[in-house]
Amino acid sequence: MKKKFQLEVPHGVNKVLLHTCCAPCSSAIIECLLLQGITPVIYYCNPNIYPLEEYNIRKDECTRYARSLGLEIIDADYNHEEWRCRMAGMENEPERGGRCLRCFKMRLSETAHYAHEHGFSVITTTLASSRWKSLEQIEEAGRYATSQYPDVTYWAQNWRKGGLSERRIQIIKEYGFYNQRYCGCEFSMRKDEVGTSR
């Protein structure tokens with residue numbers, strides 16, 4: 001990595017539950033965690049992704065990367081209908097609008113619930129690596145999710161710094177990752193919002 005920075009994990013734990021949105025976003029984060037003696041267990045919880053074929057492609061890439069590093073990956077149930085119900089009325093919200101916050105809260109709440117049920121005291125998310133996402137929204141969603149479980153802490157790490165963005169580009173090339181061009185949900189597939197890789 002271009003720059004080395006010391007991670008400060010809540011409670012000094014050496015194992016975290018890492019909510020992962022895709023392999024490109026998670027790659028440099030996972031490498032950074034491992035280099036600093038922290039083992040991530042990857043939690044793939046993305047009911048927002050549409051269509052199912054896209055969900056499976058992204059999940060398979062996450063699985064490929066996890067297995068190459070000998071890491072555990074947990075696939076949460078794909079419940080897109082439930083996600084659509086929760087997003088009702090927010091279909092026309094722009095990216096970084098209210099729909100994104102609600103989506104983050106749903107996905108991170110499921111992550112926090114899994115952490116609570118399986119003995120993880122710290123969760124964090126690769127969503128905080130994307131320049132397309134609001135860090136403020138992600139942190140709000142993380143705090144909301146863990147407020148329901150006193151034994152689980154949200155780790156609000158900014159995964160865009162420390163050379164991770166540059167390293168991410170290198171790893172994408174090294175592994176030949178599928179690099180998606182929209183955030184995942186059907187509402188972000190609109191022509192005016194589809195841009196470069198998320």
Side-chain angles (χ1 to χ4, degrees), residues 1-48 58-59 61-77 100-101 103-131 133-168 170-172 175 177 198:
M1 284 179 292
K2 189 175 179 182
K3 300 174 188 173
K4 182 148 176 95
F5 69 111
Q6 187 63 40
L7 296 175
E8 295 183 8
V9 191
H11 316 305
V13 301
N14 59 11
K15 189 173 185 179
V16 300
L17 187 64
L18 177 66
H19 169 262
T20 298
C21 54
C22 65
C25 283
S26 65
S27 57
I29 295 170
I30 290 171
E31 182 183 76
C32 179
L33 288 167
L34 290 172
L35 284 172
Q36 299 205 28
I38 303 157
T39 302
V41 172
I42 299 161
Y43 191 64
Y44 188 78
C45 177
N46 302 293
N48 58 305
R58 297 189 193 193
K59 180 183 74 174
E61 290 289 75
C62 282
T63 302
R64 176 164 72 95
Y65 188 56
R67 288 180 177 166
S68 76
L69 298 171
L71 296 175
E72 181 182 4
I73 182 168
I74 296 144
D75 180 18
D77 291 335
C100 289
L101 177 58
C103 177
F104 298 156
K105 283 183 174 181
M106 177 181 179
R107 292 151 75 190
L108 293 181
S109 290
E110 291 187 27
T111 305
H113 176 73
Y114 186 92
H116 171 71
E117 292 289 318
H118 294 86
F120 293 90
S121 60
V122 175
I123 68 168
T124 191
T125 179
T126 63
L127 289 167
S129 71
S130 173
R131 62 192 173 94
K133 306 301 180 193
S134 161
L135 286 176
E136 291 75 19
Q137 284 188 336
I138 294 164
E139 289 183 20
E140 181 181 340
R143 290 193 301 270
Y144 168 83
T146 53
S147 68
Q148 304 168 66
Y149 306 102
D151 58 333
V152 181
T153 299
Y154 175 67
W155 179 17
Q157 175 66 38
N158 180 351
W159 296 111
R160 299 175 192 174
K161 58 182 188 175
L164 294 184
S165 294
E166 294 86 348
R167 180 58 183 144
R168 161 184 166 160
Q170 294 172 350
I171 297 175
I172 288 171
Y175 277 80
F177 283 137
R198 301 306 164 103

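The figures that follow rest on heavy atoms only: side chains count, while hydrogens, waters and symmetry mates do not. Just so you know, residue 1 is the first one in the sequence shown, and it goes up from there.
- The closest donor-acceptor contact from the side chain of T124 to the backbone of W155 lies under 3.5 Å.
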Stepwise side chain to side chain contact (heavy atoms under 4.5 Å, CB included) check, V9 with N14 = CA-CA 8 Å; V9 191; N14 59 11; over 6 Å; no

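- When all heavy atoms are compared, the tightest approach of V122 to P10 is CG2-O, 3.7 Å.
- Between F120 and Y43, the distance separating the two ring centers is not shorter than 6.0 angstrom.
- For D151 (side chain) and A115 (main-chain N/O), no donor-acceptor pair under 3.5 Å exists by modelled atom type.
- Note that OG1 of T125 and CH2 of W159 are 10.5 Å apart. Values are rounded to the nearest 0.5 Å.
- Side chain of T146 to backbone of T153: no donor-acceptor contact under 3.5 angstrom is found.
- Taking every heavy atom of both residues into account, S129 and T126 meet most closely at OG-O, 2.8 Å.
- Counting only heavy atoms from C-beta outward, the side chains of E110 and R107 never approach each other to under 4.5 Å.
- Among all heavy-atom pairs drawn from P24 and R168, the shortest one is O-CG, 3.3 Å.
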key: Candidate pair Y44 and T63, rule side chain to side chain contact (heavy atoms under 4.5 Å, CB included), full reasoning   = CA-CA 9 Å; Y44 188 78; T63 302; over 6 Å; no

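- Ring planes of H116 and H113: tilted class, angle from 30 to 60°.
- With values rounded to the nearest 0.5 angstrom, T39 atom OG1 is found 9.0 Å from L33 atom CG.
- Between I171 and Y65 the shortest side-chain heavy-atom distance falls below 4.5 Å.
- Remark: Y144 OH is loosely packed, at most 12 non-hydrogen atoms of other residues, nucleotides or ligands lying under 6.0 Å away.
- Taken to the nearest 0.5 Å, the CD atom of Q148 stands 11.0 Å off from the CG atom of L108.
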Worked check of side chain to side chain contact (heavy atoms under 4.5 Å, CB included) between I123 and H19 = CA-CA 7 Å; I123 68 168; H19 169 262; over 6 Å; no

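- No donor-acceptor pair under 3.5 Å is formed between the side chain of S109 and the backbone N or O of M106.
- Going from atom OH of Y114 over to atom CD1 of I74 covers 3.5 Å, rounded to the nearest 0.5 Å.
- Summarising the local packing, CD of E8 is surrounded by 12 or fewer heavy atoms from other residues, nucleotides or ligands at distances under 6.0 Å.
- A donor-acceptor distance shorter than 3.5 angstrom exists from the side chain of Q36 to the backbone of L7, with no hydrogens or angles considered.
- Once rounded to the nearest 0.5 Å, the distance linking SG of C25 with CD1 of I30 reads 11.0 Å.
- Across A112 and V152, no two heavy atoms sit closer than the pair O-CG2, 4.0 Å.
- Counted within 6.0 Å of CZ on R160, heavy atoms from surrounding residues, nucleotides or ligands total more than 12; the atom is thus considered enclosed.
- At least one donor-acceptor pair closer than 3.5 Å links the side chain of R64 to the backbone N or O of Y175.
- From C45, atom SG reaches atom CG of L17 across 10.0 Å, with rounding to the nearest 0.5 Å.
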Kindly list each side-chain donor-acceptor pair under 3.5 angstrom involving residues 134-142, sequence neighbours excluded, with atom names and distances?
unit_1	atom_1	unit_2	atom_2	d
S134	OG	E136	N	3.4
S134	OG	E136	OE1	3.3
S134	OG	Q137	N	3.1
Q137	NE2	R96	O	3.0
Q137	NE2	G97	O	3.0

message = Between I73 and C62, is the side chain to side chain contact (heavy atoms under 4.5 Å, CB included) condition met? List the steps.
response = CA-CA 8 Å; I73 182 168; C62 282; 3.8 Å; yes

